[in-house]
Amino acid sequence: GLALVDVHMPEMDGPATVAELRAVRPGLPCVFITGGTGSFCEEELNQVSGRPILWKPFDAEEMLAVVTACLTSGTGGEIGPSPAGPTSAT
């Protein structure tokens, strides 16, 4: 399994959601999706998820690469260097 979790949601933020998911399913690979980190720093989010952020906007190929990397590695490990962050268009 794999959870793709938005950092900013109305009821619960991404890190809290990941904590809840992992309480039920320890070790569940999770990737944060965001257009901007807001009150969270990128390093903090990477530490919680164990992998780089998937920055919005992204295309299907980028998402497929992330999902494939997470599901084919034995640990759901790193998917490569984190992008510089959101573009000025966000």
Side-chain angles (χ1 to χ4, degrees):
L2 170 66
L4 299 172
V5 181
D6 202 313
V7 172
H8 304 286
M9 299 180 288
E11 299 294 321
M12 184 183 301
D13 64 38
T17 300
V18 168
E20 292 285 324
L21 289 169
R22 289 183 174 159
V24 176
R25 185 146 178 221
L28 178 68
C30 297
V31 172
F32 286 120
I33 300 170
T34 191
T37 58
S39 61
F40 300 100
C41 71
E42 182 176 354
E43 184 177 298
E44 176 185 17
L45 294 172
N46 289 343
Q47 188 173 35
V48 169
S49 69
R51 54 203 40 87
I53 296 166
L54 183 58
W55 291 96
K56 295 177 189 176
F58 53 85
D59 60 29
E61 289 179 13
E62 290 173 285
M63 180 182 250
L64 180 60
V66 168
V67 170
T68 300
C70 289
L71 295 178
T72 58
S73 68
T75 62
E78 292 292 324
I79 58 173
S82 183
T87 63
S88 59
T90 57

Does any part of the side chain of Thr37, heavy atoms only, come nearer than 4.5 Å to the side chain of Phe32, both counted from C-beta? no
What closest approach, in Å, do Leu28 and Ala3 show between heavy atoms, and which atom pair accounts for it? CD2-CB, 4.0 Å
Specify the closest pair of heavy atoms between Asn46 and Pro52, including all atoms of both residues, with the distance to one decimal. OD1-CA, 3.4 Å
Answer with yes or no whether the hydrophobic clustering places Val5 together with Met12; edges join I, L, V, M, F, W, Y residues whose side-chain heavy atoms lie under 4.5 Å apart. no
Test: salt bridge (Lys or Arg N to Asp or Glu O under 4.0 Å). Region: residues 6-21. Which pairs qualify, not counting sequence neighbours? Asp6-Lys56
Ignoring hydrogens, what is the shortest heavy-atom contact between Cys30 and Ser49? Give both atom names and the distance. O-CB, 3.3 Å
Backbone of Gly36 reached by a side-chain donor or acceptor of His8 within 3.5 Å: yes
Pair Val7, Ile53 - check side chain to side chain contact (heavy atoms under 4.5 Å, CB included), show working. CA-CA 10 Å; Val7 172; Ile53 296 166; 5.6 Å; no
Nearest atoms (heavy-atom pairs only) where Arg22 meets Val48: NH1-O, 2.7 Å
Test Leu4 against Val67 for side chain to side chain contact (heavy atoms under 4.5 Å, CB included), laying out the working first. CA-CA 9 Å; Leu4 299 172; Val67 170; 4.2 Å; yes
Mind checking whether Leu45 and Pro15 have side chains closer than 4.5 Å, heavy atoms only? yes
